[in-house]
Protein chains: 2
Amino acid sequence: MGAARRLDDTFAALADPTRRGVIDLLREQPRRAGELAAAFDMSPPAMSRHLRVLRKTGLVEEDAVEDDARVKLYRLRPERFSELRAWLDEVEAFWGDQLQSFKEHAERTRGKKRP
Amino acid sequence: MGAARRLDDTFAALADPTRRGVIDLLREQPRRAGELAAAFDMSPPAMSRHLRVLRKTGLVEEDAVEDDARVKLYRLRPERFSELRAWLDEVEAFWGDQLQSFKEHAERTRGKKRP
DNA sequence: GCAATATTTAACGCCGTCGTTAACCATTCG
DNA sequence: CGAATGGTTAACGACGGCGTTAAATATTGC
């Protein structure tokens, strides 16, 4: 049930196009906070909060690499995405049965316009 | 880009625990609107709007079966879930490369506390 | 026709989100 | 030290989501 609460935040985080855009950029390589703000033509504070949201949900992590301690690098983290996939798998497990019945039905009624 | 817009709504729809709960119930079998409202101890109007959201995103469909034309049956629809899976696949495709590089890096620096 | 049933729409209030600008650390470097 | 740079936090306004109750719309059945 802890996981369910976390899914709330995960989905909410992904509902924002800017945040999905960030994820898209981070797929290629880690990026600096300011770099991301610029990429979306958005004020640094605005991006900072988007990053905070992504951080809190665990979709992204921040580490202070580089020789300059002011800059923060953001990168993707796989765990939450796996969790998301797990949820999706669970929901879609249903199609298996559903489509199975459908297939069987189609099989039985093949070629007939109306059974 | 139409698909991206749709993802906004899909994720937003799934961010609500009630709506995910509805999806969970619909996995087992189609349900009536009022039945769903009762299941979540919620007023019919509130559930009605949740269902409207789910309908608009295409996660759910409504058809008026049964001999009583007043009742509406809701059931899941696979298309949007597939779309979601596609997005997730795309994002996760990155782990392959990432983990690959990480593995190589770990390989090179194995046993050293600090490179 | 009229009361009861199933669901949706309308109108209202509350609270959280998203963006902006201004102020606030921390760090670099001249 | 002191200005400049990178980033986050604070305060504010606009907008939208979610729940409630009241009213509207079908449809059923006596």
Side-chain angles (χ1 to χ4, degrees), chain A residues 4-26 29-75, chain B residues 4-26 29-75:
Chain A
R5 247 267 156 269
R6 213 159 36 205
L7 272 182
D8 285 17
D9 298 342
T10 303
F11 278 121
L14 296 174
D16 186 283
T18 299
R19 288 193 288 260
R20 285 205 313 284
V22 167
I23 287 175
D24 228 50
L25 280 186
L26 294 186
Q29 55 176 301
R31 310 263 187 180
R32 306 168 33 167
E35 192 183 349
L36 291 168
F40 292 91
D41 195 33
M42 172 175 291
S43 71
M47 178 54 71
S48 182
R49 255 207 333 216
H50 280 305
L51 291 172
R52 173 150 56 118
V53 171
L54 290 171
R55 227 186 302 128
K56 274 197 176 169
T57 65
L59 289 165
V60 143
E61 76 182 341
E62 164 236 317
D63 54 350
V65 186
E66 293 199 9
D67 49 343
D68 190 335
R70 288 173 299 180
V71 340
K72 301 189 175 170
L73 270 187
Y74 282 89
R75 69 181 72 250
Chain B
R5 246 272 154 266
R6 211 159 37 205
L7 272 183
D8 285 16
D9 298 342
T10 303
F11 279 121
L14 295 174
D16 186 282
T18 300
R19 287 192 289 259
R20 285 206 312 285
V22 166
I23 288 175
D24 228 49
L25 281 186
L26 294 186
Q29 55 175 303
R31 312 262 187 181
R32 307 167 33 168
E35 192 183 349
L36 291 168
F40 292 91
D41 195 35
M42 172 176 292
S43 71
M47 178 54 71
S48 182
R49 256 209 331 224
H50 280 304
L51 291 172
R52 173 151 56 118
V53 171
L54 290 171
R55 228 185 303 128
K56 274 198 175 169
T57 65
L59 290 165
V60 143
E61 76 182 342
E62 163 238 316
D63 54 351
V65 187
E66 293 198 9
D67 50 344
D68 190 335
R70 287 171 300 181
V71 340
K72 300 189 177 171
L73 270 187
Y74 282 89
R75 70 182 71 249

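The sequence lines fix the lettering, A, B, ..., with proteins before strands; numbering per chain opens at 1. Heavy atoms only: backbone and side chains are in, while hydrogens, waters and symmetry mates are out.
Looking at residues 32-46 of chain A, you'll see A/Met42, A/Ser43, A/Pro45, A/Ala46 sit with a heavy atom under 4.0 Å from some atom of DNA chain C. Contacts between residues 51-59 of chain A and DNA chain C, defined by a heavy-atom separation below 4.0 Å, involve no residue at all.
For the pair B/Leu14 and B/Thr57, the minimum side-chain heavy-atom distance is 4.5 Å or more.
Judged as a side-chain hydrogen bond (donor to acceptor under 3.5 Å, both in side chains), and not counting sequence neighbours, the contacts of B/Arg55 are B/Tyr74. Residues meeting the side chain to side chain contact (heavy atoms under 4.5 Å, CB included) test with A/Ala69, sequence neighbours left out: none. Shown here are the side-chain hydrogen bond (donor to acceptor under 3.5 Å, both in side chains) partners of A/Arg70, two or more places apart in sequence or in another chain: A/Asp68. Listed by chain and residue number, B/Asp8 satisfy the salt bridge (Lys or Arg N to Asp or Glu O under 4.0 Å) test with A/Arg20 (two or more places apart in sequence, or in another chain). Here B/Ala12 pairs with A/Ala15 under the side chain to side chain contact (heavy atoms under 4.5 Å, CB included) rule; sequence neighbours left out. Here A/Asp16 pairs with A/Thr18, A/Arg19, A/His50 under the side chain to side chain contact (heavy atoms under 4.5 Å, CB included) rule; sequence neighbours left out. Residues meeting the salt bridge (Lys or Arg N to Asp or Glu O under 4.0 Å) test with B/Asp67, sequence neighbours left out: none.
In the 5' to 3' direction, nucleotides of DNA chain C lying under 4.0 Å from heavy atoms of chain A begin and end at C/dC18 to C/dT28. In 5' to 3' order, the nucleotides of DNA chain D bounding all contacts with chain A (an atom under 4.0 Å from a heavy atom) are D/dT5 to D/dT9.
The heavy-atom pair separating B/Met42 from B/Met47 by the smallest distance is SD-N, 3.9 Å.
In this structure, the separation between CD on A/Glu61 and CG on A/Leu26 is 10.5 Å, given to the nearest 0.5 Å.
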Name every donor-acceptor pair, under 3.5 Å, that has one atom in a side chain of residues 29-41 of chain B and the other anywhere in the protein, sequence neighbours excluded.
| residue | atom | partner | partner atom | Å |
| --- | --- | --- | --- | --- |
| B/Arg31 | NH1 | B/Glu35 | OE2 | 3.2 |
| B/Arg31 | NH2 | B/Glu28 | OE1 | 2.9 |
| B/Glu35 | OE1 | B/Arg32 | N | 3.0 |

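Comparing A/Asp16 and A/Asp67, the nucleotide of DNA chain C nearest to each residue sits closer to the 5' end for A/Asp16. Between A/Arg49 and B/Thr18, the residue whose closest nucleotide on DNA chain D is further toward the 5' end is A/Arg49.
A donor-acceptor pair under 3.5 Å links the side-chain atoms of A/Thr10 to the main chain of A/Arg6, judged by distance alone.
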